[in-house]
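Predicted model only: the values in this text are computed from it and were never measured. These values consider heavy atoms only, across backbone and side chains, with no hydrogens, waters or symmetry-generated copies.
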Amino acid sequence: MPKQVDHRERREAIARALWRVVEQRGVTQLSLREVAREAGMSHGQLQHYFATREAMLTFAMDFAAEQTTLRVDRGLAELGDRPHPRDVLRVMLTELLPLHADARATSRMSAAFVLEALHDENIRARARDGIAQGRAAVEQLLRRAIADGYVHPDRDPVVETHLLLALTGFTTLLELQVIEPEDTLTAIDQYLDRLFVEDTEGAEDAHGAG
């Protein structure tokens, strides 16, 4: 009886091969043939799963986003029940930065996707929608933190959301080794310390009662 092929598993393997091409050789080398070679299959075999470069790249980006979400979920689970919103934001921010191998691979994949998005309307729409959803989640968390008293009520949640997302700009500094990972974490921690009020006893009581 012939062995059953798990098509989702094969697509994920191709996506990881694409990540390696981007990480090791750059987005300019990103072709169906190059990815097929990296994945250890023929060009024709790869086309059975992805007929075009755009389809392959889009799946690889979606898979990268899924992996980032899984890492964030694992980090949040480690915080336990009713985590402090500061800690939640820290997990979300740090997992978007290339601070370890898995995050570095998905971060570089995201950078490649953005470059493609500048010249492809379909990819641009997908990238924009994905980023907008992530931004909305951060703003919702901030609004709840303000309502619960964790963040001072005079803070503008829209502006603070933009500033928090701007911290992902550390990616370029990290990739080019302008700063070290510990410098990035120090800057993030100090920013979050300034954002959240020091005396949160009342906020925690209100949150626990909610």
Side-chain angles (χ1 to χ4, degrees), residues 12 15-16 19 23 60-111 113-114 127-175 179-210:
E12 289 181 2
R16 291 187 183 278
W19 294 359
E23 184 172 9
M61 187 60 240
D62 288 345
F63 183 50
E66 290 175 12
Q67 295 304 301
T68 300
T69 298
L70 287 174
R71 292 199 309 273
V72 170
D73 288 345
R74 285 194 295 268
L76 296 180
E78 292 175 0
L79 298 178
D81 295 333
R82 297 184 180 279
H84 194 292
R86 179 199 182 283
D87 298 330
V88 173
L89 283 172
R90 189 180 192 275
V91 168
M92 294 171 69
L93 285 170
T94 55
E95 284 300 340
L96 288 173
L97 295 171
L99 294 170
H100 54 79
D102 287 345
R104 190 157 48 248
T106 53
S107 175
R108 291 178 181 179
M109 184 64 242
S110 296
F113 200 64
V114 169
R128 187 170 54 239
D129 289 347
I131 293 172
Q133 289 177 13
R135 186 210 162 282
V138 172
E139 183 178 334
Q140 182 181 30
L141 193 156
L142 267 176
R143 288 185 180 278
R144 180 62 186 271
I146 292 172
D148 288 346
Y150 288 108
V151 175
H152 199 278
D154 66 355
R155 297 291 188 119
D156 184 330
V158 174
V159 173
E160 294 301 337
T161 297
H162 295 161
L163 291 172
L164 282 167
L165 294 180
L167 294 175
T168 62
F170 279 122
T171 293
T172 301
L173 299 177
L174 287 164
E175 290 283 26
I179 63 175
E180 297 297 324
E182 55 267 27
D183 298 324
T184 301
L185 294 175
T186 296
I188 289 174
D189 284 332
Q190 289 195 14
Y191 182 83
L192 291 174
D193 287 343
R194 293 170 186 171
L195 175 62
F196 286 87
V197 296
E198 293 183 7
D199 182 8
T200 60
E201 183 177 349
E204 291 171 351
D205 290 342
H207 188 55

S.K.: Could you tell me how the ring of Trp19 sits relative to the ring of Phe63: parallel (under 30°), tilted (30 to 60°) or perpendicular (over 60°)?
M.R.: parallel

S.K.: I need the Leu164 CG to Leu93 CG distance, nearest 0.5 Å.
M.R.: 6.0 Å

S.K.: Please name the pair of heavy atoms, one in Leu96 and one in Thr171, separated by the smallest distance, quoted to 0.1 Å.
M.R.: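 What the structure gives for the nearest pair is O-OG1, 4.2 Å.
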
S.K.: Please tabulate, one pair per line, all N/O donor-acceptor pairs under 3.5 Å involving side-chain atoms of residues 180-187, not counting sequence neighbours.
M.R.:
unit_1	atom_1	unit_2	atom_2	d
Asp183	OD2	Glu180	N	3.2
Thr186	OG1	Glu182	O	2.9

S.K.: Taking side-chain hydrogen bond (donor to acceptor under 3.5 Å, both in side chains) as the definition, give me every residue that meets it alongside Glu139, ordered by chain and number, with sequence neighbours left out.
M.R.: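 For Glu139, the residues satisfying side-chain hydrogen bond (donor to acceptor under 3.5 Å, both in side chains) (neighbours in sequence not counted) are Arg135, Arg143.
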
S.K.: Out of the candidates Asp102, Thr106, Thr94, only one should pair with Arg71 under the side chain to side chain donor-acceptor pair (under 3.5 Å) rule; please name it.
M.R.: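 It is Thr106; the other options fail the test.
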
S.K.: Restricting to side chain to side chain contact (heavy atoms under 4.5 Å, CB included), what partner residues turn up for Glu23, sequence neighbours left out?
M.R.: Arg104, Ala105, Arg108

S.K.: Identify, with sequence neighbours excluded, every residue that meets side-chain hydrogen bond (donor to acceptor under 3.5 Å, both in side chains) alongside Asp129.
M.R.: none

S.K.: Arg90: which residues meet the salt bridge (charged side-chain N to carboxylate O under 4.0 Å, His left out) condition with it, sequence neighbours left out?
M.R.: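 Residues passing salt bridge (charged side-chain N to carboxylate O under 4.0 Å, His left out) with Arg90: Asp189.
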
S.K.: Taking the side chain as C-beta and beyond, is there a heavy-atom pair between Glu160 and Asp156 under 4.5 Å?
M.R.: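 In short, these two side chains do not touch, never coming nearer than 4.5 Å.
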
S.K.: With heavy-atom distances below 4.5 Å as the criterion, would you say the side chains of Ile188 and Leu97 are in contact?
M.R.: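 Heavy-atom side-chain distance check passes, below 4.5 Å.
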
S.K.: Should we say atom CG of Asp154 is surrounded by more than 12 heavy atoms from elsewhere, each under 6.0 Å from it?
M.R.: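 More than 12 within 6.0 Å, yes.
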
S.K.: So, using side-chain hydrogen bond (donor to acceptor under 3.5 Å, both in side chains) as the criterion, who are the partners of Gln140 when residues are at least two apart?
M.R.: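 Listed in chain order: nothing, the list is empty.
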
S.K.: Is there a side-chain contact between Gln67 and Glu12, using heavy atoms and a 4.5 Å cut-off?
M.R.: no

